[in-house]
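Some notes on the structure that comes next.
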Amino acid sequence: IDGRPGWVTVSMDWLARPDPSKATWLHIRFPFQPADAQGLPTPGAMEVINQVEDMIVPMLEEKLKAQHVGSISSGGARNVYFYAPSDRGMADALRLVAAQFPAAAPGGIGRADPQHQLFAEFLEPDLGQFEFMKNAWVLEQLEQAGDDHAAPRMIEHFASFPTAEGREQFAGELPELDFALGEDAFF
């Protein structure tokens with residue numbers, strides 16, 4: 001993220017059904033300490049991040065009728081994003097969080113964004129990222145079902161060659177690419 005390691009979470013509900021009545025973008029930022037050399041949270045900092053976010057999200061959802069749309073963690077801080085009807089009451093809510101977590105006191109801004117352009121700019125995955133997310137979800141489901149991702153798999157490929165010589169040359173290069181011809185391969 002901007003040349004630094006980090007991670008992004010995105011609300012798939014918002015991605016599928018953005019709410020036009022929520023036209024104010026809320027950006028809440030809070031530091032995590034300690035951060036490692038790459039600006040990512042240490043395990044202890046991660047626990048505090050989760051506690052702060054677990055307090056902020058339901059509070060803004062209840063008090064401001066906000067919808068949490070995603071977050072970005074990078075550069076020593078968590079940025080949490082919402083859409084709400086307005087930012088009225090945000091500062092009071094954040095003061096309550098800061099009183100509970102002074103070392104991770106959040107700051108926030110609200111900005112009118114009726115077209116939800118800021119979501120598209122900061123959080124919405126492009127086609128490649130969306131494909132990656134879907135693949136990661138499938139891998140997670142397979143792992144939960146006991147799958148070993150490192151286990152070799154038999155995959156059937158088909159290739160057609162205009163000449164027998166080209167086919168033989170290709171078959172000879174397969175072992176260098178960690179492919180093998182099965183016993184039922186035909187020429």
Side-chain angles (χ1 to χ4, degrees), residues 1-22 25-30 32 35-58 60-61 66-84 113 115-161 167 170-186:
I1 300 168
D2 295 330
R4 298 179 297 209
W7 68 88
V8 178
T9 61
V10 177
S11 166
M12 299 308 281
D13 289 338
W14 182 266
L15 195 58
R17 291 177 303 284
D19 183 344
S21 73
K22 296 179 179 175
W25 169 259
L26 306 179
H27 175 185
I28 312 300
R29 179 179 176 87
F30 58 91
F32 45 78
D36 67 16
Q38 296 180 333
L40 298 176
T42 63
M46 193 68 212
E47 186 175 324
V48 173
I49 288 169
N50 290 335
Q51 291 172 352
V52 172
E53 192 162 340
D54 288 348
M55 186 175 183
I56 288 173
V57 172
L60 293 182
E61 287 176 345
Q67 185 172 347
H68 180 222
V69 298
S71 63
I72 298 175
S73 298
S74 182
R78 170 85 64 135
N79 297 277
V80 186
Y81 302 100
F82 300 82
Y83 274 102
D113 184 25
Q115 301 301 314
H116 305 132
Q117 293 300 311
L118 293 168
F119 177 83
E121 180 180 337
F122 287 103
L123 293 171
E124 188 170 17
D126 64 26
L127 289 176
Q129 292 164 331
F130 196 65
E131 189 68 28
F132 178 85
M133 290 164 52
K134 291 189 300 186
N135 290 338
W137 182 84
V138 168
L139 287 174
E140 182 178 322
Q141 299 305 306
L142 289 169
E143 186 176 304
Q144 288 177 1
D147 182 65
D148 176 7
H149 301 327
R153 308 239 193 277
M154 295 299 297
I155 301 173
E156 190 172 311
H157 294 280
F158 175 81
S160 178
F161 298 91
R167 181 181 65 225
F170 179 76
E173 294 174 4
L174 288 175
E176 295 173 29
L177 302 171
D178 289 331
F179 286 95
L181 290 174
E183 290 182 22
D184 60 348
F186 59 90

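Just so we're clear, the structure is a prediction, and the values are computed from it rather than from any experiment.
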Note to self: Using the rule given for side-chain contact (heavy atoms from CB on, under 4.5 Å), can you reason through W7 versus I72, listing the C-alpha separation, both sets of side-chain angles and the distance that settles it, and then say yes or no?
What the structure shows: CA-CA 6 Å; W7 68 88; I72 298 175; over 6 Å; no
Notebook entry, point to check: Where do T9 and S71 come nearest, in terms of heavy atoms and distance?
Noted result: OG1-OG, 2.6 Å
Notebook entry, point to check: Counting only heavy atoms not in Q129, do more than 12 sit closer than 6.0 Å to its CD atom?
Noted result: yes
Check: How about M12 and W137: do any of their side-chain heavy atoms sit closer than 4.5 Å?
Finding: no
Check: Which residues satisfy the ring pair (Phe, Tyr, Trp, His ring centres under 6.0 Å) test with F132, sequence neighbours excluded?
Finding: none
Check: Tell me, do H149 and D147 make a side-chain contact under 4.5 Å, heavy atoms counted?
Finding: yes
Check: Is there a side-chain contact between V80 and L26, using heavy atoms and a 4.5 Å cut-off?
Finding: no
Next item on the list: Indicate the atoms forming the closest heavy-atom contact of S21 with D19, along with that distance.
Entry: OG-OD1, 2.7 Å
Check: Are S11 and D13 linked by a side-chain donor-acceptor pair shorter than 3.5 Å?
Finding: no
Notebook entry, point to check: Just wondering, more than 12 heavy atoms not from L177 lying within 6.0 Å of its CG?
Noted result: yes
Item checked: Ring centres under 6.0 angstrom apart (H116, W25) -> no
Item checked: Heavy-atom closest contact (G6 atom, L40 atom, distance) -> CA-CD2, 3.8 Å
Check: Among all residues two or more places apart in sequence or in another chain, which pass the ring pair (Phe, Tyr, Trp, His ring centres under 6.0 Å) test with H68?
Finding: F82
Next item on the list: Specify the closest pair of heavy atoms between F179 and H157, including all atoms of both residues, with the distance to one decimal.
Entry: CE2-NE2, 4.2 Å
Checklist line | Minimum heavy-atom distance G172-P175, with the two atoms named | finding: O-CD, 3.5 Å
Item checked: Any donor-acceptor pair under 3.5 Å from S74 side chain to P5 backbone -> yes
Notebook entry, point to check: Got a second to check how far H27's NE2 is from F122's CZ, nearest 0.5 Å?
Noted result: 7.5 Å
Check: Given the rule in the side-chain contact (heavy atoms from CB on, under 4.5 Å) test, do L139 and Q141 qualify, once you have shown the distances and angles that lead to the verdict?
Finding: CA-CA 5 Å; L139 287 174; Q141 299 305 306; over 6 Å; no
Notebook entry, point to check: Is there side-chain contact between L118 and E121, with heavy atoms separated by less than 4.5 Å?
Noted result: yes
Notebook entry, point to check: Counting distance only, does the side-chain N/O of T42 pair as donor-acceptor with the main-chain N or O of A35 below 3.5 Å?
Noted result: no
Item checked: Parallel, tilted or perpendicular, as decided by the 30° and 60° cut-offs, for the rings of F161 and F170 -> tilted
Check: Mind checking whether R4 and Q38 have side chains closer than 4.5 Å, heavy atoms only?
Finding: no
Next item on the list: Mark yes when over 12 heavy atoms from residues, nucleotides or ligands other than E61 sit less than 6.0 Å from its CD; otherwise mark no.
Entry: yes
Check: For L123, which of V69, N79, L15 qualifies under side-chain contact (heavy atoms from CB on, under 4.5 Å)?
Finding: V69
Check: Does a side chain donor of either D113 or Y83 reach within less than 3.5 Å of an acceptor in the other side chain?
Finding: yes
Next item on the list: Measure the spacing between CD1 of I49 and OG of S73 and express it to the nearest 0.5 Å.
Entry: 5.5 Å
Item checked: Evaluation steps, side-chain contact (heavy atoms from CB on, under 4.5 Å), between V52 and R78 -> CA-CA 10 Å; V52 172; R78 170 85 64 135; over 6 Å; no
Check: Which pair of heavy atoms, one from A45 and one from F32, lies closest together, and at what distance?
Finding: CB-CB, 4.2 Å
Margin query: With rounding to the nearest 0.5 angstrom, report the CH2 to NZ distance, W14 to K22.
Written below: 7.0 Å
